[in-house]
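Remember, it's a predicted structure, so these values are computed and weren't measured experimentally. Side-chain atoms are counted along with the backbone in the values below, which use heavy atoms only and exclude waters and symmetry mates. Naming convention: chains lettered A, B, ... in sequence-line order (proteins, then strands); numbering from 1 in each chain.
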Protein chains: 2
Amino acid sequence: MTTSNLPRKKTSMKRRSLHEEISDHLRSMIIEGELPEGERIDESALCEQLEISRTPLREALKVLHSEGLVSIEPNRGARVAVLTPEEFAELFELIGGLERMAAELAASRATDSELKKLAQMQTRLESLYSAGDRHNYFELNQDIHRMIIAMSRNSTLTSLHEQLLMRASRGRYMAIGTEDRWEESVQEHQALLEALQAKDSVKAGEIMLEHVRHTGDCAVNALKLRKAV
Amino acid sequence: MTTSNLPRKKTSMKRRSLHEEISDHLRSMIIEGELPEGERIDESALCEQLEISRTPLREALKVLHSEGLVSIEPNRGARVAVLTPEEFAELFELIGGLERMAAELAASRATDSELKKLAQMQTRLESLYSAGDRHNYFELNQDIHRMIIAMSRNSTLTSLHEQLLMRASRGRYMAIGTEDRWEESVQEHQALLEALQAKDSVKAGEIMLEHVRHTGDCAVNALKLRKAV
DNA sequence: CGTTATAATTATGTATTCCTGATACTGGAT
DNA sequence: ATCCAGTATCAGGAATACATAATTATAACG
């Protein structure tokens, strides 16, 4: 008996509803900037573009709305949510608080292997900095933050953080924020790592809060400048 | 031209979509415990009960899902999300962090009139405590927390907090948490008020964090006991 | 020529229908 | 008696159809 009879395509057993896939698709379209801020979302047009019907699309829009990525005016349709500098600043304030919390928890809950992994990431971060590779630097930078969030061992916090990060990282304003103060950022990450290794919750939290606050301030300024155009 | 032509019935100009009203309705049904944890949500049944069609109901379910109040299994329908003690503990950890953040911000941003109002609420809280009025005590207690959140002047934080509170306050576990340690709670609130009046951000934050942590621990224990039955 | 009112069109909101996957039941074989 | 296969039934997922509000265009009036 051969195994060839078994359907090989069942590698991903996960049944995903259409509206879920559409949510993901639209979400990345918004985050990648393919759908720009304030853009009206024409249901019919999107439907034939994605080759789906309106029902699951509308369900997806509801989901993205409650995630804060889409705004809906009754009887007037949906559009990509516009991020005002004020909202952006609020978001960063929030993210800062969450990341401080995560850093504090991570300091007391992190395993040795996690700390080791984090140290490796930090080393790589520094080499990317030396190499002047801004793009990969930013990616790794976000990964490090995500790693620390995960180390908090609070999945509710983790998913919430991820959601807020999506709202904030639209248009790569955050990237600008970190790139604007490259050297400081590397140093702050180093200090944070040391605090985590020392299991100093308070210090780790403080460093993280200041770090995010600085990044946020730069990003907010970048956003304000762009809006002023 | 007279003004009599203008339709008078437009007192409430807000056009609310059906799915929005249904979301609100279901949300309160879940929070009030009318729909118990784990209960299957039969779409057809609910539709004829609420006298609506399935489309807006399903949209509402998607919204409640992304709020964490409803769980959806593809092709197997929706049910009221069950709150495990672990998730509940995580939620409280999160809420604690958010409320600390809010308290810190409130200490530096609160207006005099807000502080005055808060002091009045505290006075009333103490009288409710003396009178042994547990029900109204709990209500006012929540109002005070909401008030402090609002004083943070961060609307994103405020709405997020409200959402998490809904997830956590199902079944009134939180009420049990505060009632279990009534006297301490009153004192902590008093100390918090004083820190806010002194505009001592750090202290206000610390008190708040400890306060929520204690409340949460009691609530988690209450939940675990109930689950154990 | 501009303004306003009304009609036509378009897009959103809701209902209904169709289809597909899941669960329960029946019957047969071991 | 139990376990498996096959079928029937049912509920959820998606598409289509219908209703209604909003927008635009057009025409009439000042």
Could you check whether the side chain of A/Arg54 and the base of C/dG13 have a donor-acceptor pair of N or O atoms closer than 3.5 Å, going by distance alone?
yes

Would you please confirm or rule out a distance under 4.0 Å between OP1 or OP2 of D/dG12 and any side-chain N or O of B/Arg40?
yes

Tell me the closest heavy-atom pair linking A/Gly38 and A/Arg79, and the distance in Å.
O-NH1, 2.8 Å

More than 12 foreign heavy atoms under 6.0 Å from CZ of B/Arg124: is that the case here?
no

Measure from CD on A/Glu43 to P on C/dA11 and round the result to the nearest Å.
10 Å

Could you tell me how far apart B/Asn75 (CG) and C/dT20 (C1') are, to the nearest whole angstrom?
8 Å

Among pairs that include at least one residue of residues 89-98 of chain A, which meet salt bridge (Lys or Arg N to Asp or Glu O under 4.0 Å), considering only residues two or more places apart or in two chains?
A/Glu93-B/Arg109

Using whole Å, report how far CD1 of B/Ile52 lies from P of C/dA15.
7 Å

A/His145 vs A/His211 aromatic rings, parallel, tilted or perpendicular, using cut-offs 30° and 60°?
parallel

Round to a whole Å and report the spacing from CZ of A/Arg79 to C1' of C/dA11.
13 Å

State whether A/Arg58 and A/Glu43 are salt-bridged, where the test is any N-O pair (Lys NZ or Arg NE/NH1/NH2 against Asp/Glu carboxylate O) under 4.0 Å.
yes

Do the side-chain N and O atoms of A/Ser66 and B/Ser66 include a donor-acceptor pair separated by under 3.5 angstrom?
yes

Of the residues in residues 55-64 of chain A, which ones touch DNA chain D at a heavy-atom distance under 4.0 Å?
A/Thr55, A/Pro56

On DNA chain D, compare the nucleotides closest to A/His19 and A/Arg76; which residue's is nearer the 5' end?
A/His19

For the pair made of CG in A/Leu46 and P in C/dT12, what is the distance, rounded to whole Å?
10 Å

Between CD1 of A/Ile41 and P of C/dG13 the distance, given in whole Å, is 12 Å

Indicate the atoms forming the closest heavy-atom contact of B/Ala150 with B/Thr158, along with that distance.
CA-OG1, 4.2 Å

Taking CD1 from B/Ile22 and P from C/dG13, how many angstroms apart are they, rounded to a whole number?
13 Å

Separation of A/Glu48 atom CD from C/dA11 atom P, in whole Å?
11 Å

